[in-house]
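Ligands are counted one by one from 1 in listed order, and the atoms in each one are counted from 1 as well.
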Amino acid sequence: MAKDVLCEVNNCSYWAQGNRCSADQIYVVSHAGTKADSSKETDCKTFEPAGH
Ligand code: SF4
């Protein structure tokens with residue numbers, strides 16, 4: 001299990017100083033169904049735009 005999540009998406013409401021994620025858990029999904037062929041094809045679905 002991932003203990004710490006590092007993230008560069010600093011316009012997410014869960015983002016914290018030091019490229020940390022403050023969410024209790026995150027959900028990562030593949031763009032195309034369940035099969036991703038590279039990291040470019042995955043996204044954090046827990047993302048919430050900051051200020052919303
Ligand atoms: S919820 Fe996802 S996008 Fe937002 S800071 Fe955490 S890992 Fe990054």
Side-chain angles (χ1 to χ4, degrees):
M1 290 187 197
K3 183 170 178 289
D4 297 306
V5 175
L6 298 176
C7 177
E8 294 182 345
V9 187
N10 62 8
N11 62 322
C12 175
S13 60
Y14 293 108
W15 186 87
Q17 285 297 327
N19 282 346
R20 298 287 179 173
C21 174
S22 67
D24 290 337
Q25 61 180 17
I26 63 166
Y27 188 29
V28 178
V29 296
S30 167
H31 292 188
T34 57
K35 186 177 183 301
D37 289 322
S38 76
S39 60
K40 290 179 181 172
E41 297 178 13
T42 64
D43 284 308
C44 176
K45 196 172 183 179
T46 307
F47 170 83
E48 290 283 351
H52 287 251

What atoms of ligand 1 come closer than 4.0 angstrom to any heavy atom of Trp15?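 Those of ligand 1 that fall under 4.0 Å from Trp15 are 5 (S).
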For [atom], what's the nearest protein heavy-atom neighbour? Residue, atom name and distance, please.
atom	result
atom 2 (Fe) of ligand 1	Cys44 SG, 2.3 Å
atom 8 (Fe) of ligand 1	Cys7 SG, 2.3 Å
atom 6 (Fe) of ligand 1	Cys21 SG, 2.3 Å

In Å and rounded to the nearest 0.5 Å, what is the CD to OG1 distance from Gln25 to Thr46?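 Interatomic distance, Gln25 CD to Thr46 OG1, rounded to 0.5 Å: 7.0 Å.
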From CH2 (Trp15) to OG (Ser22), nearest 0.5 Å: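 Output value for this atom pair is 10.5 Å.
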Minimum heavy-atom separation for Val29 to Lys45, with atom names?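 Closest pair (atom of Val29, atom of Lys45, distance): CG1-CD, 3.7 Å.
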Does this structure show an ion pair linking Asp37 with Lys35, if we count only N-O contacts that are shorter than 4.0 Å?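 Looking at Lys35 together with Asp37, the answer is yes, because their closest N to O distance falls below 4.0 Å.
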Got a sec: is Cys12 within less than 2.8 Å of atom 6 (Fe) of ligand 1 via an N/O/S atom?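 No.
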If hydrophobic clusters are built from ILVMFWY residues whose side chains come within less than 4.5 Å, do Val9 and Val5 share one?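 The answer is no; the residues belong to distinct hydrophobic clusters.
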